[in-house]
Amino acid sequence: MSFAKTAAPSEVILKLDLRVKDLKPSATLAINERSARLQAEGREVFKLGLGQSPFPVPACVQELLRTNAGQKDYLPVRGFPALRRAVAAYHRRNHRIDRQAEDVLIGPGSKELIFILQKAFDGEVLLPCPSWVSYAPQAQLAGRRTRWLPTELRNGGRLQPEVLAAECEREPGWPRLLILNYPCNPTGMTLGGDLLAELAA
């Protein structure tokens, strides 16, 4: 964002980056706002727009939040060391993934972490179609080109290794970031270990 002075000292012209200016409103947020308006008018609405959890926040989590609400110091950038150790131990124990605390990064949520990754990565972003609605706008904000990879209903909407291979052969050596979100929003599709291994290969 930049500001430019005009002839009158008290006036400021706000100039937005074109990548921000050209963004369309989020479809899910627009649906949520419209359904809230309809509910306020007394209409019966079955909300399917946002994937907000219907479960209450556990009492033990609420208590820990209350206990730590007064903490104001900056935290370690990569996350609490004890939490990073616990996450690495969890994956070693439950998934047989051999990782240590230094391999773990804690963040405020997957959406922000994926956006930061796109911003830091220099290349194009590959998205299976369909994919979660935030990834393409994030790529646009980051100034990254997005390529949509087709999927088929007969494969359950799962990205197939040959589709990914064909995309990688299109411009060999060009850096790409593939974002696989599963269980997929909006379809609910999941990916098995064998398919993931083929896609990784």
Side-chain angles (χ1 to χ4, degrees), residues 18-36 38 44-55 87 90-92 94-99 103-105 107-201:
L18 291 178
R19 290 177 294 213
V20 173
K21 192 175 171 189
D22 292 341
L23 280 178
K24 294 178 174 50
S26 163
T28 51
L29 293 179
I31 290 169
N32 194 57
E33 289 174 5
R34 182 167 184 214
S35 62
L38 291 171
E44 184 179 21
V45 175
F46 298 95
K47 295 180 107 175
L48 303 174
L50 293 182
Q52 186 168 306
S53 172
F55 304 109
V87 169
Y90 172 84
H91 286 296
R92 284 195 306 272
N94 295 321
H95 303 129
R96 297 188 186 100
I97 299 173
D98 187 20
R99 291 292 178 262
D103 301 314
V104 176
L105 175 70
S110 58
K111 187 184 287 190
E112 183 167 342
L113 288 172
I114 290 171
F115 175 61
I116 292 169
L117 175 62
Q118 291 186 59
K119 190 72 177 157
F121 179 76
D122 186 17
E124 66 184 11
V125 175
L126 304 181
L127 297 173
C129 183
S131 187
W132 174 238
V133 297
S134 295
Y135 300 145
Q138 285 180 339
Q140 183 180 345
L141 284 171
R144 305 291 171 249
R145 184 171 65 172
T146 302
R147 304 243 346 145
W148 290 97
L149 304 179
T151 62
E152 296 182 12
L153 194 56
R154 67 186 171 96
N155 295 319
R158 292 171 182 84
L159 177 63
Q160 297 301 297
E162 59 271 15
V163 172
L164 180 59
E167 172 61 30
C168 292
E169 290 166 7
R170 186 180 53 79
E171 290 181 67
W174 183 259
R176 296 169 176 88
L177 173 66
L178 172 64
I179 300 178
L180 291 174
N181 92 284
Y182 66 95
C184 177
N185 190 338
T187 67
M189 169 276 299
T190 61
L191 298 170
D194 290 344
L195 180 57
L196 281 172
E198 289 183 59
L199 290 169

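Proximity of Pro161 to Leu164: side-chain heavy atoms (C-beta onward) are nowhere separated by under 4.5 Å. Side-chain contact between Ile179 and Leu117 is absent, with no heavy atoms from C-beta onward closer than 4.5 Å. For the pair Leu178/Pro128, a side-chain contact is recorded, criterion being any heavy-atom separation below 4.5 Å from C-beta on.
Note that CD of Glu162 is 11.0 Å distant from CD of Glu169, once rounded to the nearest 0.5 Å. The CG atom of Leu127 sits 9.5 Å away from atom CG of Leu180, with the distance rounded to the nearest 0.5 Å. The distance from the CG atom of Leu29 to the CZ atom of Arg34 is 15.5 Å, given to the nearest 0.5 Å.
In terms of heavy-atom proximity, Leu159 sits nearest to Pro150 at CD1-O, 4.4 Å. Nearest heavy atoms, Pro108 versus Glu112: CG-OE1, 3.2 Å. Closest heavy-atom contact between Pro175 and Asp122: CG-O, 3.2 Å. Minimum interatomic distance between Pro130 and Thr187 (heavy atoms only, all atoms of both residues): CG-CG2, 3.5 Å. Smallest separation of non-hydrogen atoms from Met189 and Tyr182: O-CB, 3.8 Å. The two residues Trp132 and Lys111 come nearest to each other via the heavy atoms NE1-CE, 3.9 Å.
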* Given side-chain contact (heavy atoms from CB on, under 4.5 Å), test Tyr135 with Val125 step by step and report yes or no. => CA-CA 9 Å; Tyr135 300 145; Val125 175; 5.8 Å; no
* To do: Let me see the working for Trp148 and Ser131 under side-chain contact (heavy atoms from CB on, under 4.5 Å), right down to the final yes or no.
  => CA-CA 9 Å; Trp148 290 97; Ser131 187; 3.8 Å; yes
* Give the C-alpha distance, both sets of side-chain angles, the deciding distance and a yes or no for side-chain contact (heavy atoms from CB on, under 4.5 Å) between Gln160 and Glu152. => CA-CA 9 Å; Gln160 297 301 297; Glu152 296 182 12; over 6 Å; no
* To do: Check the pair Ile114 / Asn181 against side-chain contact (heavy atoms from CB on, under 4.5 Å), numbers first and verdict last.
  => CA-CA 11 Å; Ile114 290 171; Asn181 92 284; over 6 Å; no
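Judged by distance alone, the side chain of Arg144 and the main-chain N or O of Lys119 form a donor-acceptor pair under 3.5 Å. Under the 3.5 Å distance criterion, the side-chain polar atoms of Arg147 are left unmatched by any main-chain donor or acceptor of Arg145. Put simply, the side chain of Arg158 never gets that close to the backbone of Gly192: no donor and acceptor are under 3.5 Å apart. Side chain of Arg99 to main chain of Arg92: no donor-acceptor pair is present (N/O by atom type, distance under 3.5 Å, no hydrogens or angles). Between the Thr151 side chain and the Cys129 main chain, a donor and an acceptor come within less than 3.5 Å of each other.
Within a 6.0 Å sphere centred on CH2 of Trp174, heavy atoms belonging to other residues, nucleotides or ligands number 12 at most. Applying the 6.0 Å contact sphere to CZ of Arg96 captures no more than 12 heavy atoms from other residues, nucleotides or ligands. Applying the 6.0 Å contact sphere to CG of Asn94 captures more than 12 heavy atoms from other residues, nucleotides or ligands.
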